[in-house]
Each structure stands twice: as C-alpha cells, then as structure tokens.
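Predicted model, so just to flag it, every value in this text is computed and none were measured.
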Amino acid sequence: MTLSTTAGAFIRRLALASLLIAGLTGASDPPTAIKKWQALVAAAGSAYEANRPVQAQQLLEEAVKMTKPGTEGRAAVLNNLAIVLEANGFMDTAEQLYGQVIGLWAELLGPSHTNVSRTLGNLGDFHHRRSQLEEAEEAYTVAIATAQQAKGADAAEVLRALYDNYSRLLNDMGRTEDADAARLKAFLPGN
C-alpha cells in the first residue's frame with residue numbers, strides 16, 4: 001500500500017529515521033519514550049503485515065498521542081495510520097489524513113521532499129483502488145513532478161515506484177501506450 005515493498009517495512013523505516021526528531025510529548029525519560037514509541041510503530045507494522053489492521057490502528061493511534069503536532073514523527077505515524085484506516089474501511093478519514101500528511105511533510109521538509117512524493121503516491125494508490133481513476137492520475141502526476149525535483153538517496157527509488165504505479169493506472173484506464181511510456185521512464189538512467 002506504500003511505495004516500499006510493504007507498509008510494515010515502510011512504517012519501521014520511518015520510525016527509525018524519525019527517532020531523533022519524533023517530538024515525543026510528556027517524555028520525562030526521552031530514551032525510554034523513544035523506545036516505547038518505536039516499539040509501538042514496529043508492532044503496528046507487524047500487525048498490519050499479519051493482516052491485523054484493527055490492532056495496527058490501535059497501536060498507531062497510541063503512537064500518535066506520544067508525538068507533538070507539527071513534527072516529523074507525527075507525520076510519519078499519521079501517514080501510516082491513513083494506510084491502516086483505509087484497510088479498516090474508513091475511506092473518508094483515510095483520504096483526509098493523506099491530505100493532512102502531504103501538507104505537513106511539505107511544511108516540515110519542503111514541497112519537493114520524497115516524503116511528500118511518497119504520500120502523494122499513497123493517495124494515488126488509494127484513488128486507484130477505489131476506481132477513482134482521474135483522481136488517481138492527478139495524484140500520481142503531482143507525485144511524479146514532486147519526485148523529479150527531490151534530492152536524496154531514495155529519490156530515484158521513489159520516482160521508479162511512482163512511474164511503475166502510474167503505468168498500472170494508465171493500463172487500467174486502457175491507455176496502454178502511455179502505460180508503456182511511463183514504465184520505460186521508471187528505468188531511465190537517473191530515475
């Protein structure tokens with residue numbers, strides 16, 4: 001459901017990347033609070049991978065409460081909560097949360113950061129699964145444009161995944177030539 005191989009892997013990766021910037025609340029013992037937060041996020045990823053999305057949702061909701069608003073830790077957990085809410089059938093809430101997270105990532109890291117692209121891609125996936133093909137195309141188009149401007153070690157990986165998902169959408173829309181072109185872009189040097 002994300003641009004990584006599984007949502008659980010993405011959840012754990014973001015938890016590790018956000019450890020120092022989680023902005024944990026009420027942490028009288030920050031190292032212990034970080035470990036607890038990390039354990040919650042990791043357990044949520046495991047629950048999601050084990051097809052227990054209700055448990056994953058509960059764990060992520062608890063992890064959200066541990067973070068301060070406007071922090072990368074909060075954005076990471078909310079992104080993954082949106083994925084889990086979708087799996088639990090809370091479509092409107094998931095869609096709203098994706099939008100909130102896109103804005104938060106853009107505010108925190110800049111509008112061309114890979115986390116913005118990833119979450120836009122998640123929104124594209126969301127619309128694609130709901131057969132909202134025009135909305136999915138719009139989300140993927142913006143995600144790709146954002147990823148093309150992104151810098152960093154994972155920018156090429158994110159762009160490849162976006163093009164791959166976009167090509168599947170175009171194929172489902174009956175636009176096979178466009179789908180083939182998007183698939184080729186995924187493997188161009190520099191992508």
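- Across P53 and V84, no two heavy atoms sit closer than the pair O-CG1, 3.2 Å.
- You'll find the side chain of M66 reaches within 4.5 Å of the side chain of K36, heavy atoms only.
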Could you check Q57 against E61 for side chain to side chain donor-acceptor pair (under 3.5 Å), going step by step and ending with a plain yes or no? CA-CA 6 Å; Q57 180 179 337; E61 287 171 346; 3.0 Å; yes
Please lay out, stage by stage, how W105 and E72 fare under the test side-chain contact (heavy atoms from CB on, under 4.5 Å). CA-CA 7 Å; W105 281 134; E72 290 183 45; 4.1 Å; yes
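- Shortest non-hydrogen contact noted between L59 and L40 is CD2-CD2, 3.7 Å.
- Between V77 and A63 the shortest heavy-atom distance is CG1-CB, 4.0 Å.
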With a 3.5 Å cut-off and sequence neighbours excluded, list the donor-acceptor pairs that the side chains of residues 176-184 form with protein atoms.
| unit_1 | atom_1 | unit_2 | atom_2 | d |
| --- | --- | --- | --- | --- |
| D178 | OD2 | R175 | NE | 3.0 |
| D178 | OD2 | R175 | NH2 | 3.2 |
| D180 | OD1 | R183 | NH1 | 3.1 |

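- A 4.5 Å side-chain heavy-atom check between H127 and E95 finds at least one atom pair inside the cut-off.
- Evaluation of the side chain to side chain contact (heavy atoms under 4.5 Å, CB included) rule for H113 yields L109, N115, V116 as partners, not counting sequence neighbours.
- Looking at every heavy atom in both residues, M91 comes nearest to F126 through O-CZ, 3.4 Å.
- A pairwise comparison of heavy atoms in A147 and S117 identifies N-OG, 3.1 Å as the closest pair.
- Within the 4.5 Å cutoff, the side chain of L60 has no heavy atoms near those of the Y48 side chain.
- The two atoms that bring T114 and A150 nearest to each other are CG2-CB, 3.6 Å, heavy atoms only.
- E135 CD: more than 12 foreign heavy atoms inside a 6.0 Å radius.
- Under a 4.0 Å N-O distance rule, the pair D164/R168 qualifies as a salt bridge.
- With contacts defined as side-chain heavy-atom distances shorter than 4.5 Å, the pair H128/N165 does not qualify.
- Under a 3.5 Å cut-off, the side chain of S46 and the backbone N or O of A42 do form a donor-acceptor pair.
- Applying the side chain to side chain contact (heavy atoms under 4.5 Å, CB included) criterion to Q100, with sequence neighbours excluded, gives L78, L97.
- Going from atom CG of L169 over to atom CG of L133 covers 5.5 Å, rounded to the nearest 0.5 Å.
- Between R129 and E86, at least one side-chain N (NZ, or NE/NH1/NH2) sits under 4.0 Å from a carboxylate O, which counts as a salt bridge.
- Distance check: R118 CZ to I102 CD1 gives 13.5 Å after rounding to the nearest 0.5 Å.
- For the atom pair CG (D125) and OH (Y166), the distance works out to 14.0 Å, reported to the nearest 0.5 Å.
- For the atom pair CG (L162) and OH (Y140), the distance works out to 8.0 Å, reported to the nearest 0.5 Å.
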